Asks: 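Sharing a structure with you now.
Only a predicted model underlies this, so the values are computations on that prediction, with no experimental measurement involved. Worth knowing before you read on, the calculation uses all heavy atoms, side chains too, and leaves out hydrogens, waters and symmetry mates.
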Amino acid sequence: MEVGQVRRQWVDYTKSLFLEGYLDGQFLQLQQLQDESNPDFVSEVVSLFFGDSEKLLNDLTLALDQPIVNFKTVDAHVHQLKGSSSSIGAQRVKNACVAFRNFCEEQNVEACLRCLQHVKQEYYLVKNKLETLFRLEQQIVAAGGAIPMMGLGF
């Protein structure tokens with residue numbers, strides 16, 4: 001596939017991620033920090049997010065599986081996940097965490113379990129989407145092209 005075609009595919013795919021609410025402007029700000037001196041900056045930051053999120057989701061699963069749930073611990077994990085998802089622009093994960101934290105305050109175990117499933121679903125969706133985006137970027141670079149810069153005015 002020629003580089004121009006892959007670039008157009010990347011632009012269309014990136015637009016869809018914003019239009020469908022997977023990503024917000026914070027992701028664009030992250031992209032603006034990437035340059036020739038650090039061409040893998042975004043994928044490295046997002047990889048760290050993936051690793052941290054997997055651990056937090058496991059910790060949340062364990063915390064909510066206890067006979068007596070420590071809601072302060074659950075809330076602290078959700079707060080951390082909300083912050084890290086917000087910092088990379090994973091909007092739908094962040095939004096799911098907001099609802100989750102409300103149920104932590106109410107100490108509602110059943111609602112927290114439902115929210116955990118929703119957060120996991122949103123996390124795995126955005127993870128899949130970002131992995132696809134990075135594969136497209138690798139194809140562009142392999143074909144000798146440069147990754148286009150996106151702005152909010154797309």
Asks: Restricting to non-hydrogen atoms, name the atom on A96 and the atom on H118 that form the minimum distance, rounded to 0.1 Å.
Replies: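 In terms of heavy atoms, the two residues are closest at CB-ND1, 3.5 Å.
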
Asks: Going from CD on E131 to CZ on R135, what distance comes out if it is rounded to the nearest 0.5 angstrom?
Replies: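 Reported value, rounded in 0.5 Å steps: 6.5 Å.
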
Asks: Roughly how far apart are Q107 CD and C112 SG, rounded to 0.5 Å?
Replies: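 The CD atom of Q107 sits 9.0 Å away from the SG atom of C112.
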
Asks: Can you hop from V69 to L56 via hydrophobic side chains spaced under 4.5 Å?
Replies: yes

Asks: Any donor-acceptor pair under 3.5 Å linking the side chain of S87 with the backbone of S84?
Replies: yes

Asks: From F18 CZ over to Y13 OH, what is the distance, rounded to the nearest 0.5 angstrom?
Replies: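 F18 atom CZ to Y13 atom OH measures 12.0 Å (nearest 0.5 Å).
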
Asks: Under a 3.5 Å distance rule, please check whether T14 uses its side chain to pair with a backbone N or O of W10 as donor and acceptor.
Replies: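 Yes: the side chain of T14 pairs with the backbone of W10.
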
Asks: With sequence neighbours excluded, tell me which residues meet side chain to side chain donor-acceptor pair (under 3.5 Å) with D65.
Replies: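 Residues passing side chain to side chain donor-acceptor pair (under 3.5 Å) with D65: none at all.
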
Asks: Check V78 against C97 and note the closest heavy-atom contact, atom names and distance.
Replies: CG1-O, 3.5 Å

Asks: Roughly how far, to the nearest 0.5 Å, is CG of L81 from CZ of F49?
Replies: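 Reported value, rounded in 0.5 Å steps: 6.0 Å.
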
Asks: Are L133 and I147 co-members of a hydrophobic cluster defined by side-chain heavy atoms under 4.5 Å apart?
Replies: yes

Asks: Who passes side chain to side chain donor-acceptor pair (under 3.5 Å) against R101, sequence neighbours left out?
Replies: D75, H79

Asks: The criterion is salt bridge (charged side-chain N to carboxylate O under 4.0 Å, His left out); which residues satisfy it with E137, sequence neighbours excluded?
Replies: none

Asks: Are V93 and V98 connected in a single hydrophobic cluster, I mean Ile/Leu/Val/Met/Phe/Trp/Tyr linked by side-chain heavy atoms less than 4.5 Å apart?
Replies: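 Unlinked, V98 and V93 end up in two clusters.
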
Asks: Say you draw a straight line from CZ of R7 to CD of E2; how long is it, rounded to the nearest 0.5 Å?
Replies: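 So the gap between those two atoms works out to 11.0 Å.
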
Asks: If two hydrophobic side chains count as joined below 4.5 Å and joins carry through other members, does F71 share a cluster with F100?
Replies: yes

Asks: Is L33 reachable from L48 through a run of I, L, V, M, F, W or Y residues, each pair having side-chain heavy atoms under 4.5 Å apart?
Replies: no

Asks: Out of the candidates V45, D24, V42, only one should pair with I88 under the side chain to side chain contact (heavy atoms under 4.5 Å, CB included) rule; please name it.
Replies: V45

Asks: Going by the salt bridge (charged side-chain N to carboxylate O under 4.0 Å, His left out) test, which pairs reach into residues 51-61, not counting sequence neighbours?
Replies: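 Applying salt bridge (charged side-chain N to carboxylate O under 4.0 Å, His left out) to every pair that reaches into residues 51-61, excluding sequence neighbours, yields E54-K127, K55-D59.
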
Asks: For Q66 and L62, indicate whether the former's side chain and the latter's backbone hold a donor-acceptor pair under 3.5 Å.
Replies: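 Yes; at least one donor-acceptor contact below 3.5 Å.
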
Asks: Hey, what do you get for NZ (K129) to CG (L23), rounding to the nearest 0.5 Å?
Replies: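 Separation between the atoms: 10.0 Å.
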
Asks: Side-chain contact test, heavy atoms from C-beta onward, threshold under 4.5 Å: evaluate it for T61 versus K120 and give yes or no.
Replies: yes

Asks: Can you find a pair of side-chain heavy atoms, one from V126 and one from R92, that are under 4.5 Å apart?
Replies: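 No, too far: nothing below the 4.5 Å cut-off.
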
Asks: What pairs with D40 under side chain to side chain donor-acceptor pair (under 3.5 Å), at least two apart in sequence or on another chain?
Replies: none

Asks: Within the structure provided, determine whether L17 and F27 are in side-chain contact (heavy-atom separation under 4.5 Å).
Replies: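 When only atoms from C-beta onward are counted, F27 and L17 do not touch, as no gap falls below 4.5 Å.
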
Asks: For R114, give me all partners under side chain to side chain donor-acceptor pair (under 3.5 Å), at least two apart in sequence or on another chain.
Replies: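 None.
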
Asks: What heavy-atom pair brings V74 and C104 nearest, and what distance separates the two atoms?
Replies: CG1-SG, 3.5 Å

Asks: If only atom types and distance count, is the side chain of Q91 paired as donor or acceptor with the main-chain N or O of Y22 below 3.5 Å?
Replies: no

